[in-house]
Amino acid sequence: MERYDPHEIEARWQAVWAAERIFEVPNPRPGEDTSRLMYVLEMLPYPSGELHMGHVKNYTMGDVVTLYRRRNGYRVMHPMGYDAFGLPAENAAIRSGKHPAVSTRENIDAIRVQMKRMGWSIDWTRELSTSEPDYYRWTQWIFLRLFDAGLAYRKNAAVKWCPNDLTVLANEQVIDGHCERCGALVESKNLEQWFFKITDYAQRLLDDLAGVRWPERVVTMQRNWIGRSEGAQVVFRAQHDPAIELPVFTTRPDTLFGATFFVIAPEHPLALELARGTEHEAEVADYVRRTGALSAVERAGEKQKTGVFTGRHVVNPVNDEGIPVWVADYVLMEYGTGAIMAVPAHDERDFEFARTYDLPVRRVVVPRDGEAGDDAAYTAHSEHEVLVNSGAFDGLAADEGKRAVIEWLRSEGRGEGRVAFRLRDWLLSRQRYWGCPIPIVHCDGCGVVPVPDDQLPVVLPEVEDYAPRGRSPLAAAEDWVNVACPRCGGPGRRETDTMDTFVDSSWYFLRYADPHNANAPFDRAIVDMWLPVDQYIGGIEHAILHLMYARFFTKALYDLGYVGFTEPFADLFTQGMIHYKGAKMSKSKGNIIRPDEFIERYGADTTRLYTLFLGPPDQDAEWQDGGVAGQHRFLARLWRLVNETVDRHGSGIERSAPADGAGGDLVRKAHRTIEKVTGDIGQRFSFNTAQSAVHELVSEIHEAEAASGQQLRFACAIAVSLIHPYAPHIACELWQRLGGERLWDEPWPQADASLLVADTVTYAVQVNGKLRGQVDVAVGAEKEAVLAAARAVPNVAAHIDGAAVVKEIVVPGRLVNLVVREG
RNA sequence: GCCCGGGUGGCGGAGUUGGUAGACGCGGCCGACUUAAAAUCGGCUUCUCCGAUACGGAGAGCGUGAGUUCGAGUCUCACCCCGGGCACCA
């Protein structure tokens with residue numbers, strides 16, 4: 001018998017699949033049945049290098065689902081593309097010294113070869129790359145539709161700036177005050193930038209999380225990121241000039257009577273103005289300057305809160321009391337109104353500040369029964385707390401008080417109920433070269449002018465020097481920048497910033513459905529047929545960024561009538577990372593496992609098997625060098641068994657076999673394995689245990705020497721059929737050797753329910769909960785018969801001897817527990 | 001600080017509605033085949049103890065401590081450790 005030679009088999013079958021075009025899934029034609037369409041999608045890779053093991057795990061998972069669903073009668077779209085614009089690709093290009101367009105294309109070519117070698121069932125006719133003009137033309141088109149709708153706009157704002165990558169960043173790309181990509185400490189800058197008005201969608205982004213089947217932790221992370229708070233906006237006015245309004249947002253309107261001072265952020269536009277003319281003017285100016293130079297991390301890291309008095313007071317609208325206005329950097333300009341009423345008795349931060357500057361503390365909420373101490377803020381506010389020192393509101397429970405105060409403020413025109421979100425608008429412009437050009441022309445006369453649709457795409461110009469300099473490298477391409485204003489024909493200048501890469505990836509899943517459309521990004525009827533994506537699979541690192549942006553785009557496109565659904569991804573599976581030598585694989589740590597080396601050594605099938613055998617797919621897993629050999633041994637054993645079976649007993653695909661004679665147990669095991677694997681792949685996404693089940697079946701085939709040829713051929717066919725989604729090459733080969741053809745078209749095997757149980761079942765017998773023996777009983781035996789058999793087990797008899805059995809528990813098919821009391 | 005995951009043999013892990021903890025794989029030990037090695041095949045492999053005749057039996061054991069239950073890895077409470085998210089968000 002020839003040895004298992006994965007390379008020969010894999011190359012041959014990949015050629016067959018390509019020739020038969022079995023991965024190509026065309027869109028249904030009018031009138032065709034669309035009830036069994038399914039869209040399986042994995043997050044597309046950045047072509048900043050070759051694929052790593054994380055990709056292999058991700059795409060193999062998607063492939064298992066795809067192959068499994070296809071054999072269950074679904075028409076599955078399984079596309080692939082490249083998130084080719086952006087910092088990763090550009091930085092890789094800078095490192096290699098090649099132009100990003102060149103290095104990106106080279107990387108894509110290399111990745112495509114790797115993907116084909118893995119045998120993933122990707123429909124290559126739908127392949128796309130976000131850096132190609134026929135794709136980004138439509139990214140620009142969508143940008144313009146959002147611009148028309150007022151959802152893309154320019155504003156001058158304090159923005160996050162990465163001093164290393166020399167570009168602005170979105171809030172979502174700042175982790176702990178550091179750049180998400182390079183780790184540099186992020187600075188704050190005042191710049192005019194482009195934003196998407198994602199905040200308009202905050203409530204819907206929150207509400208619609210209820211309708212998706214996503215991992216709970218991802219939903220929670222998005223909820224936290226959106227950060228909805230209910231409260232009130234309350235208008236305070238300057239005591240020296242009631243025309244100056246200073247609104248605050250508070251979640252605790254019930255504590256308004258406890259406000260003993262007022263704080264505004266150093267960046268607040270009124271900070272300097274308020275202090276003007278007071279003896280504190282110079283001090284305030286100095287403080288604003290000093291804190292402005294600090295990063296958010298430095299501010300938050302300060303041991304003690306700092307601030308200065310402005311010399312001014314504001315009037316508390318509930319009691320007309322004047323309270324001092326301070327400037328302090330513990331108040332953030334970006335949230336709420338940039339100003340707060342300080343209630344030290346009931347807010348930890350205000351309390352700390354009041355202690356530092358010796359400001360008064362006035363308690364207005366007390367526990368209904370019991371005392372609140374004086375050495376900390378008392379922050380509870382439920383039905384168990386009551387208001388005091390609060391005028392007409394005294395005696396109300398805190399939660400009622402909140403409503404009552406809001407109602408009073410509203411009726412007096414001094415405030416109103418308000419909801420605040422943590423979510424900020426998405427800053428989309430970048431001062432980098434390798435990105436999608438923003439299709440806008442600036443004209444002295446007309447202002448910001450969109451490039452007309454018929455002039456798209458605005459092609460990214462070739463420039464020699466694309467290194468980041470803090471302003472877009474595109475600005476240097478004078479010929480490109482200087483252009484006639486599309487509106488008035490006068491001199492105009494193109495927008496030179498490019499788009500954040502996340503814009504490109506916020507709609508790619510739509511383009512796959514209609515990838516060659518030259519007249520529109522996609523046809524609505526076609527995307528509505530395929531989407532939302534039935535199963536999306538990708539890394540947890542995109543829990544907020546990509547997944548939030550894609551949801552926003554989908555909702556905006558829905559509102560504009562371009563798609564008929566509001567959520568892009570119905571089901572999401574987030575995979576864990578693969579670690580190696582105790583750390584996540586990274587080039588800098590030098591603990592990379594290159595997939596190519598494994599394919600070279602063991603073949604694609606073994607590599608596919610092992611990445612899914614590591615552990616539960618949603619959890620991080622440790623790569624073990626030796627583990628791969630086990631999967632290879634398994635395939636070699638399967639190979640040998642099938643070939644031996646055919647040699648000894650002849651070929652022929654058996655779709656059933658009698659569960660009697662010497663091989664009866666084997667046949668039953670095959671049915672149980674179908675049941676187990678089907679549930680594990682189809683329902684549980686438990687890819688590791690599905691494999692274990694096939695291992696067990698193969699071991700039993702190996703041991704079932706006395707089984708009939710039909711029984712052996714049946715068991716082999718089931719093993720081969722079940723392992724096909726994991727190891728399609730060897731499975732197709734062995735299926736053919738067994739006498740079949742086109743395993744990929746073979747319906748998924750069905751377990752015969754009557755064969756899932758054996759004639760007898762082994763009961764565990766416990767005495768007082770301790771295992772004392774086992775006994776085989778006929779399936780379906782009466783409770784009394786089971787008990788009698790259990791009592792007859794010698795070791796059990798010894799343990800109940802001389803004691804009174806006070807309780808008998810029989811769990812059908814599982815165990816007996818005899819409860820005895822010592823006699 | 002708040003919110004999620006997770007903690008089970010030497011290792012990765014299984015244990016799906018509370019019902020025989022350790023499936024499957026790695027590693028290790030012993031044996032077969034071989035001049036030898038590799039490959040392959042067979043056996044053993046949670047710990048401690050007892051008795052060793054097939055191998056049997058006793059006790060302990062799933063981060064710690066309580067609890068509910070005939071019975072807890074699984075449920076409840078309190079706590080410890082690891083990983084992740086959010087965090088001066090008013």
Side-chain angles (χ1 to χ4, degrees), chain A residues 3 175-176 215-225 227-229 231 248-252 255 263 265 296 299-302 305 328-332 334-343 346-350 352-353 420-424 540-541 543-544 576-577 579 609-610 613-616 618-631 633-634 636-637 640 676 679-680 683-684 686 688-696 698-699 702 762-774 794-795 798 806-820:
Chain A
R3 279 172 62 101
I175 311 291
D176 256 345
E216 193 50 46
R217 62 175 166 156
V218 176
V219 170
T220 305
M221 280 164 77
Q222 293 222 348
R223 272 207 191 102
N224 291 343
W225 189 262
R228 182 182 196 276
S229 301
V248 300
F249 173 75
T250 177
T251 53
R252 295 293 306 281
T255 63
V263 188
R299 284 192 191 186
E302 282 173 349
K305 298 207 185 318
D329 68 358
Y330 81 92
V331 171
L332 309 174
E334 311 92 79
Y335 186 74
T337 62
I340 61 155
M341 62 169 199
V343 184
H346 306 293
D347 181 278
E348 283 165 17
R349 298 151 299 183
D350 297 344
E352 197 187 317
F353 193 80
F421 293 96
R422 215 193 71 110
L423 183 71
R424 312 284 149 74
I540 184 76
E541 67 273 18
I544 293 171
M577 275 182 305
H579 291 200
L609 276 174
Y610 185 59
F613 192 68
L614 281 169
D618 58 333
Q619 281 169 32
D620 290 354
E622 175 75 17
W623 181 275
Q624 296 199 314
D625 289 319
V628 187
Q631 303 310 304
R633 269 198 283 275
F634 161 70
R637 192 177 312 137
R640 209 170 44 244
K676 170 78 175 155
D680 281 358
Q683 264 97 61
R684 297 206 308 149
S686 183
N688 51 334
T689 54
Q691 272 188 62
S692 297
V694 182
H695 285 180
E696 285 184 48
V698 170
S699 293
H702 178 68
T762 303
Y763 277 76
V765 184
Q766 298 179 336
V767 177
N768 284 351
K770 284 202 192 304
L771 184 68
R772 295 301 177 193
Q774 299 182 341
N795 194 41
V806 297
K807 199 164 185 179
E808 294 167 328
I809 288 139
V810 178
V811 183
R814 289 202 165 268
L815 67 63
V816 172
N817 188 13
L818 302 173
V819 184
V820 302

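Letters A, B, ... mirror the listed sequences (proteins, then strands); counts begin at 1.
Smallest separation of non-hydrogen atoms from A/R772 and A/N795: O-ND2, 2.8 Å. The two residues A/A543 and A/Q222 have their closest heavy-atom pair at O-NE2, 2.8 Å. Minimum heavy-atom separation, A/A328 to A/F353: CB-CE1, 3.7 Å.
Across B/C49 and B/G1, the matching P atoms stand 44 Å from one another, rounded to whole Å. Annotation: B/U46 and B/A14 have their C1' atoms spaced 15 Å apart (nearest Å). If you take atom C1' in B/C33 and the same atom in B/A37, they sit 13 Å apart, rounded to whole Å. Between B/G13 and B/U34, the two C1' atoms lie 36 Å apart (nearest whole Å). Rounded to the nearest Å, the gap between the P atom of B/G42 and that of B/U53 is 28 Å. For B/C62 and B/G10, the P atoms lie 13 Å apart once the distance is rounded to whole Å. For B/U64 and B/A54, the P atoms lie 36 Å apart once the distance is rounded to whole Å. Nucleotides B/A21 and B/G61 place their C1' atoms 9 Å apart, quoted to the nearest Å.
A/M577 is listed as a side-chain neighbour of A/H579, based on a closest heavy-atom distance under 4.5 Å. Side chains of A/V698 and A/H702 form no contact here, defined as non-hydrogen atoms less than 4.5 Å apart.
Contact annotation for A/T762: base contact, defined as any heavy-atom pair under 4.0 Å involving a base atom. A/E696 comes within 4.0 angstrom of the backbone, heavy atoms only, and of no base. As judged by a 4.0 angstrom heavy-atom cut-off over every strand, A/E216 is placed among residues making no nucleic acid contact. Using a 4.0 Å heavy-atom distance criterion, A/H702 is classed as a sugar-phosphate-only contact. Residue-level contact check: A/R228 touches neither bases nor backbone, having no heavy atom under 4.0 Å from any strand. Looking at heavy-atom distances under 4.0 Å, A/P215 makes no contact with the nucleic acid at all. Residue A/R223 is out of contact with every strand shown, counting any heavy-atom pair closer than 4.0 Å. Among the heavy atoms of the strands lying under 4.0 Å from A/L614 are primed sugar atoms or P, OP1, OP2 only; no base atom is included. Residue contacts for A/D350: at a heavy-atom cut-off of 4.0 Å it reaches no nucleic acid atom on any strand shown. Counting any heavy atom pair closer than 4.0 Å across all strands shown, A/V331 reaches a base atom. Residue-level contact check: A/R814 touches the backbone only, with heavy atoms under 4.0 Å from sugar-phosphate atoms and none from bases.
B/G57 shows a glycosidic angle more than 90° from 0 and is accordingly assigned anti.
Closest to the side chain of A/N688, from the set B/U16, B/C88, B/G13, is B/G13. Picking from B/C41, B/C86, B/A90 the nucleotide with the shortest atom distance to the side chain of A/I544 gives B/C86. Set against B/G25, B/A23, B/A90, the side chain of A/L332 has B/A90 as its closest nucleotide. The side chain of A/Y330 has B/C88 as its nearest neighbour among B/C88, B/U40, B/U20. Closest to the side chain of A/K807, from the set B/G19, B/U40, B/C70, is B/C70. Minimum atom distance to the side chain of A/V819 is reached by B/C70, of the listed B/A90, B/C70, B/G6. For A/R633, the listed nucleotide lying nearest its side chain is B/G27; candidates were B/C11, B/G27, B/A14. Here the nucleotide nearest the side chain of A/F613, chosen from B/A90, B/G12, B/U20, is B/G12. Considering only side-chain atoms of A/Y335, the nucleotide from B/G25, B/U20, B/A90 that sits closest is B/A90. Closest to the side chain of A/I340, out of B/C41, B/A90, B/C88, is B/A90.
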request  = Please step through side chain to side chain donor-acceptor pair (under 3.5 Å) for the pair A/T689 and A/S686, ending with a clear verdict.
outcome  = CA-CA 6 Å; A/T689 54; A/S686 183; 2.5 Å; yes
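Remark: B/A36 base-pairs with no nucleotide; criterion is Watson-Crick or G-U wobble with both hydrogen-bond distances under 3.5 Å. Checking B/U17 for Watson-Crick or G-U wobble geometry (two distances, each under 3.5 Å) identifies no partner in any strand. B/U68 is unpaired under the criterion used here, namely a Watson-Crick or G-U wobble arrangement in which both key atom distances are under 3.5 Å. Base pairing annotation: B/C49 forms a Watson-Crick or G-U wobble pair with B/G57, both donor-acceptor distances under 3.5 Å. When both distances must be under 3.5 Å, the Watson-Crick or G-U wobble mate of B/G1 is B/C86.
More than 12 heavy atoms of other residues, nucleotides or ligands sit less than 6.0 Å from atom CD of A/E541.
Comparing A/F249 and A/P616 by the nucleotide of RNA chain B whose heavy atom lies nearest to each, the residue mapping closer to the 5' end is A/P616.
The side chain of A/R3 places no N or O atom within less than 4.0 Å of a non-bridging phosphate oxygen (OP1 or OP2) of B/U40. Here A/R772 reaches the OP1 or OP2 of B/A58: one of its side-chain N or O atoms lies under 4.0 Å away. Dashed line: the shortest gap from a side-chain N or O of A/R422 to OP1 or OP2 of B/A87 is under 4.0 Å. Distances shown here put a side-chain N or O of A/N795 below 4.0 Å from the OP1 or OP2 atom of B/A58. Between A/S229 and B/A90, a side-chain N or O to OP1/OP2 separation shorter than 4.0 Å is present.
What separates CZ of A/R217 from P of B/G85 is a distance of 11 Å, to the nearest Å. We find that CD of A/Q691 is positioned 12 Å from C1' of B/G13, with the value rounded to whole Å. Taking atom CG of residue A/D620 and atom P of nucleotide B/G6, one finds them 12 Å apart after rounding to whole Å.
Figure legend: cation-pi geometry between A/K305 and A/Y330, with NZ or CZ positioned under 6.0 Å from the six-membered ring centre and within 45° of its axis.
Under 3.5 Å, the side chain of A/N817 and the base of B/C70 form at least one donor-acceptor pair of N or O atoms. Remark: the A/K676 side chain and the B/U16 base include a donor-acceptor N/O pair separated by less than 3.5 Å.
Ring geometry, A/F613 versus A/H695: the interplanar angle falls from 30° to 60°, so the pair is classed tilted.
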